[in-house]
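Every heavy atom of this structure was used, including side-chain atoms; hydrogens, water molecules and symmetry mates were not.
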Amino acid sequence: MGRRRVGKAFGEMLRMVWARPVTVKYPFEPAKVAGRFRGKLDIDPAKCTGCGVCKNSCPAGVIEMVKIGTRKVGDREIENRRPVFDLYTCISCGQCVDDCRFGALKLTGDFELAVFDKESLVMKKALKIVE
Amino acid sequence: MSEEQDRELRKTGAGLMEYSPEGIMPFGPVHPSLKEPEYFSLLLEGEKIVDVQARIGYVHRGIERAGQDNTWIKNIYLFERVCGICSFAHSIAYSQAVEALSGFVVPKRGRYIRTIIAELERIHSHLLWLGLVGHWTGFDTLFMWIWKDRERVLDLIEAITGNRVHKSYSTLGGVRRDLPDGIAESMKKEMEFIQKRVDYYSELVRTEQTIVVRTRGVGRLSQDAARRLCPVGPLLRSTGISRDVRVEDPYAAYDEIVPEVKTSNEGDIASLLKLRLDEVADSCRMILEAMAKLPEGGYKIAFPRVVPRGDSVFHVEAPRGELFYFVRSAGSIKPSRVKIRTPTMANILAATEMLKGHTLADVPVVLTGMDPCFGCMDRLSVVEAGSGREWMMNGEQLRTFGIEYYSGKG
Amino acid sequence: MSQAADSFSGRFRRWARKRSIWVFHVNAASCNGCDIEILAALTPRYDAERFGVELVPSPRHADVLLVTGTVNAQMKDRLRDVYEQIPEPKHVVAIGACALGGGVMKGCYNVGHGIDKVIPVDLYIPGCPPRPEALLFGIIKLVTGEPPDRREE
Amino acid sequence: MNLTPLLVAEILLFPGLTFFVFMAFILEWLERKTAARVQGRRGPVVAGPFGIVQPVADFFKLSMKEEIVPEESDKFIMRWGPPLYFAAPAAGLVFVPVIALSALIQNQFDLFFMFFILSFTTLMASLLGYASAGRYSTVAVGRLVLQYSSYEIPMLLSMIVPAVLSGKLSLSGIVAAQSGHWFVLFAPVGFAVFIIAALAELEKPPFDIPSASTEIVGGWMTEFSGNTLAYVKLTKNLSYVFLSALSATLFLGGPQGPIFVSGAMAAVVLHTFYFTVKLLFVAFLIFAIRTALARVKIDQATRLFWTILTPLALVQLGVAVILGW
Amino acid sequence: MDSQAISEIAAKTGGQAFINGRIATITVKPEMLRDACAMVSSIPGLYHLSTITGIDIGEEIELQYHFWKEREFVSVRTMVGKQSPQLRTVSDVLPSAVLYEAEVHDMLGVLFQGNALMGRKLLLPDNYPKDAPPPLRKEANPEEIRRLMGLE
């Protein structure tokens with residue numbers, strides 16, 4: 001242990017002058033994100049069956065099942081439902097992805113989500129395709 | 001006081017202060033010292049603190065109540081968000097309390113991985129705190145350096161868990177995913193880097209005179225007071241009482257990867273600096289040891305949706321100290337009561353004790369010294385912005401006091 | 001003022017505002033996750049100062065108010081006070097799932113669902129918490145994407 | 001003193017007000033950029049090449065913002081205080097020789113005027129803080145005055161040292177007496193004391209006690225906004241220039257340099273060059289100290305100034321008296 | 001754990017001791033709570049009061065005082081009626097209980113006589129609706145509370 005004095009940090013400061021700054025180039029260059037990064041939720045509408053498991057597993061109550069029509073199974077009318085995601089309040093935990101048996105959901109690495117209007121973050125993708 | 005006067009008083013202070021009608025003027029709750037907001041009413045005499053009272057609750061959200069309405073699994077994500085800094089400690093404390101109730105045993109690999117993440121989190125939390133001590137004492141260079149190094153720990157956490165802050169990694173019955181491939185090498189590299197930097201920082205904080213005069217002998221807590229007020233974590237250990245949940249009541253894989261409990265007899269902020277840096281170094285060692293010993297096999301078991309009836313008490317050593325969970329199950333898909341006692345709640349009394357007799361300039365240092373996490377404390381409740389402090393005194397009084405104090409001195 | 005001079009001063013004003021963004025941060029009952037990410041955005045790795053972002057201690061100095069957390073009953077008035085103390089033109093950025101819509105705290109009894117019910121919000125940055133890069137992206141979008149300038153309205 | 005049109009132009013443009021305001025912006029930029037560098041970051045980048053106009057953008061943005069004047073505050077002082085505050089270092093800089101060995105305006109006793117300017121700046125700051133009637137401002141003003149009363153004595157003592165060495169009481173006279181041997185060689189301690197006191201005057205760490213943001217928010221500037229804030233910030237930077245210029249003048253020989261040429265234009269260029277280099281050197285010195293240290297407490301600062309720096313400055317003064325004699 | 005010491009305390013305070021794995025529970029009457037806590041905390045090493053848990057169990061409010069030492073927990077348990085729950089404070093023998101008691105007071109409305117923090121809010125907002133039950137009581141409705149506080 002060295003002697004106590006004022007200005008112990010000078011040495012390191014001088015060293016830092018010659019070291020390269022660690023600042024990333026973002027936003028001038030794309031950001032490097034870890035492969036596992038949990039970013040924006042995405043749905044593959046083709047795989048979604050509307051079972052509603054994701055709705056039950058979502059801790060933030062992001063998912064709402066919306067009726068988009070009916071289909072006939074035998075002689076019964078069954079409601080066709082598809083999830084709508086309020087992505088602005090999604091916490092990207094990935095529980096719905098874990099629980100989806102059909103592999104329709106996945107978390108992308110997308111994080112550039114800032115918007116002026118939060119309603120534009122509501123993801124209605126699953127509804128459109130079926131229509 | 002008339003309503004008009006009341007309104008007048010509210011007009012100044014840039015909206016940063018609260019005003020209470022008894023002629024008491026607390027400072028806060030929105031205060032620029034970043035991090036969290038807490039509330040202490042300080043009764044000042046000039047710059048000297050005569051008495052301290054804590055008013056918490058600016059971050060109170062009501063998480064305990066919400067936990068009773070959520071299913072067992074959803075609660076992991078909820079409780080994790082009690083606090084952004086020790087989020088993993090919350091999720092393993094809760095998971096293990098529930099696992100203890102149902103009697104399932106987590107596979108060894110899962111327990112090792114939990115240990116590794118918990119230690120990574122300790123490193124990140126301690127470094128964050130150390131940087132903030134730099135910030136609060138006006139040493140911004142130190143703050144920047146430490147946060148620069150801390151990013152590398154966050155990179156590791158992100159690579160393993162997928163998020164820098166809220167790990168969402170522990171689940172009932174283990175961890176959600178296995179460690180990614182090739183993490184061992186980068187872990188080794190980063191840990192060696194951190195160890196080197198920690199050596200430098202502990203040298204720096206022990207020998208840089210301006211830091212020493214701000215921390216030595218400041219915020220002293222005696223061992224007696226510590227026994228009386230029951231603080232936890234580094235604050236307790238800094239008074240010479242060797243108590244660490246990881247050693248005394250091992251959970252996860254701490255029975256095989258044994259931490260070294262550091263203590264100090266000084267009980268002041270300077271000793272806390274040293275203690276926390278030593279703990280970071282020790283965590284690096286434990287992570288490397290755990291990576292070397294990492295057993296093969298499953299990392300998770302399937303967990304039922306219903307948890308058997310019973311009470312469970314569990315605690316873990318979060319970066320700030322003992323984090324306590326009480327879980328009661330009525331045998332349904334929801335807990336019937338979850339009680340969380342966060343480390344800051346236990347430390348707050350000790351901190352008010354530590355503040356007495358110091359001056360205003362010591363407040364940030366002492367408060368950061370205990371590493372407050374008001375988000376945690378009000379958990380169920382939560383915070384506000386900046387660190388808030390209040391000090392009791394009305395404007396006129398304060399002005400007069402200030403003038404008298406300074407003219408007396410200057 | 002002549003047309004040309006007006007457009008010059010207008011352009012100059014926009015130029016200055018785009019390059020000097022002083023932020024004030026209010027934690028309205030958040031878990032600290034977003035707060036430490038805001039701090040991280042200022043530290044060497046992300047260095048928001050590159051874009052003229054500076055964290056100021058008093059709302060009187062600020063241009064942009066960063067709000068994290070689901071605002072609770074105790075913080076509600078504080079938040080509104082702070083908002084009113086900021087001189088025009090001012091912008092509010094809501095950060096994190098809680099500030100946008102309550103996030104995982106929706107079931108709690110002491111939270112509001114989104115700060116836009118308390119003060120007007122110009123930009124929303126979702127995420128729990130958003131990465132520092134996402135914050136940089138948001139701030140730049142805020143100043144270059146020409147958010148409504150309320151003073152001129 | 002005759003005010004000729006040329007002199008007026010010199011006072012307003014070069015090397016007067018405009019030049020020093022320009023230097024103030026450049027110094028702030030350099031300070032931020034260098035701080036960023038030693039902290040491992042880049043600092044301002046987007047405003048102009050390498051972010052060089054960042055301080056300008058800050059200044060104009062602030063001046064175009066709404067100004068909020070607290071209702072409790074003293075409106076008169078809030079309105080007229082900032083120009084006065086700004087005028088203090090600006091007036092002082094006119095007495096500093098830059099382009100020649102003698103200043104634009106000189107007087108036999110202008111060192112006393114410097115004393116006055118230094119006190120006046122702090123006085124104005126405390127007046128402004130007090131007038132704004134915020135509680136944080138009030139605490140800050142208390143600290144400001146206490147700090148002022150402790151650094152003033154060593155600062156003035158160390159400023160008298162060059163006067164004693166040269167036997168003159170004007171800045172131009174002191175500069176003229178330094179040809180070939182700068183006073184820093186005879187009075188290194190005086191120089192050090194002056195630099196440390198300058199840190200306190202400028203409220204930079206470790207003496208940023210009156211504006212410690214983690215303790216008392218914005219210090220005495222908490223309640224300012226818009227235009228007032230812009231000018232207050234500019235004045236702080238101008239004071240930075242002023243104190244750097246003053247120490248370059250008093251201890252480092254001002255515009256004196258090793259090479260002299262004949263010819264008026266060349267002499268102006270060289271003198272300005274030497275002066276700027278010295279000014280930047282002192283600014284960097286102040287800056288390096290400020291970056292490497294933590295803030296001390298007010299009682300510690302007071303103790304430092306009264307028990308260590310004042311005796312040191314007195315000893316230096318004694319030595320200077322013997323040397324000058 | 002000293003199961004003997006535990007049962008002795010139980011016997012002295014007229015309560016029942018129950019040991020389940022690493023958790024020992026002593027159930028006592030509210031009047032004896034303070035004595036029981038004092039006795040438990042005087043067992044060497046057991047001075048650390050982790051927290052006080054309050055649970056609304058329908059007719060009554062259950063309070064558990066958790067003490068901790070090494071691998072063992074000792075919980076002192078008592079029940080108070082829900083109508084006007086009152087207890088004597090233990091903060092004079094266990095100073096660290098002050099905040100925990102205040103928290104239980106906030107959350108469940110239990111009054112601890114002698115605690116300095118009674119009657120003021122610790123965690124709850126100042127404008128917490130007066131007619132709403134404390135938030136952790138079973139009858140409290142989070143939605144309703146939010147509506148009353150104007151958070152909707």
Side-chain angles (χ1 to χ4, degrees), chain B residues 10 13-16 18 28-37 57-67 69-70 74 77-78 80-85 87 128 131-132 135 143-148 150-151 154 158 163-166 373-376 378-386, chain C residues 24-40 42-47 55-62 66-75 77-86 96-98 102-111 127-132:
Chain B
R10 281 173 184 273
L16 293 175
E18 271 200 19
V30 184
H31 196 278
S33 329
L34 269 184
K35 230 193 143 192
E36 344 217 15
Y58 283 81
V59 196
H60 182 92
R61 292 161 291 197
I63 290 181
E64 279 181 11
R65 172 72 206 215
D69 304 331
N70 265 349
K74 283 187 197 176
Y77 305 108
L78 178 64
E80 189 175 63
R81 280 159 181 81
V82 165
C83 167
I85 303 172
S87 85
L128 175 142
L132 284 172
H135 179 65
F143 164 69
M144 291 290 183
W145 286 347
I146 292 175
W147 279 57
K148 173 170 69 86
R150 176 179 159 268
E151 287 293 327
L154 291 183
E158 187 180 28
N163 195 306
R164 292 153 49 91
V165 175
H166 288 307
C373 184
F374 303 112
C376 268
D378 296 359
R379 67 219 115 109
L380 25 153
S381 26
V382 175
V383 174
E384 59 67 83
Chain C
F24 183 77
H25 162 221
V26 174
N27 169 342
S30 128
C31 68
N32 304 328
C34 301
D35 310 306
I36 60 177
E37 292 295 75
I38 290 174
L39 263 192
L42 296 164
T43 52
R45 172 75 74 88
Y46 304 103
D47 194 17
L55 196 67
V56 292
S58 161
R60 291 267 161 86
H61 307 180
L66 306 180
V67 187
T68 60
T70 141
V71 55
N72 69 8
Q74 187 81 333
M75 277 308 290
D77 296 339
R78 304 290 90 69
L79 180 61
R80 204 176 287 130
D81 280 358
V82 169
Y83 174 75
E84 276 159 16
Q85 301 291 340
I86 298 180
C98 302
V104 75
M105 309 294 169
K106 271 179 197 148
C108 306
Y109 55 80
N110 196 15
V111 303
C128 189
R131 292 168 64 85

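- Applying the salt bridge (Lys or Arg N to Asp or Glu O under 4.0 Å) test to B:R150 and every residue at least two apart in sequence or in another chain returns nothing.
- Only the side chain of B:E158 comes within contact range of chain C, with at least one heavy atom under 4.5 Å from a heavy atom of that chain.
- B:L78 approaches C:V104 most closely through the heavy-atom pair CD1-O, 3.5 Å.
- When heavy atoms are compared at a cutoff of 4.5 Å, B:N163 approaches chain C solely by way of its side chain, counted from C-beta outward.
- When each of C:A40, C:P44, C:C98 is checked for heavy-atom pairs under 4.5 Å with chain B, C:P44 comes out on top.
- Taking the side chain as every heavy atom from C-beta outward, C:M105 and B:I63 approach each other to under 4.5 Å.
- Note: B:L128 CG to C:N32 CG = 9.0 Å, rounded to the nearest 0.5 Å.
- Annotation: maximal heavy-atom pairing with chain C below 4.5 Å, among B:G131, B:G67, B:A66, occurs at B:A66.
- Looking at every heavy atom in both residues, B:V165 comes nearest to C:E37 through CG2-CD, 3.6 Å.
- Top candidate by heavy-atom pairs under 4.5 Å with chain C, chosen from B:R164, B:K74, B:K148, B:H166, is B:R164.
- Scanning both residues, B:R81 and C:C128, for their nearest heavy atoms gives NE-SG, 2.9 Å.
- At least one side-chain heavy atom of C:L39 sits less than 4.5 Å from a side-chain heavy atom of B:L132.
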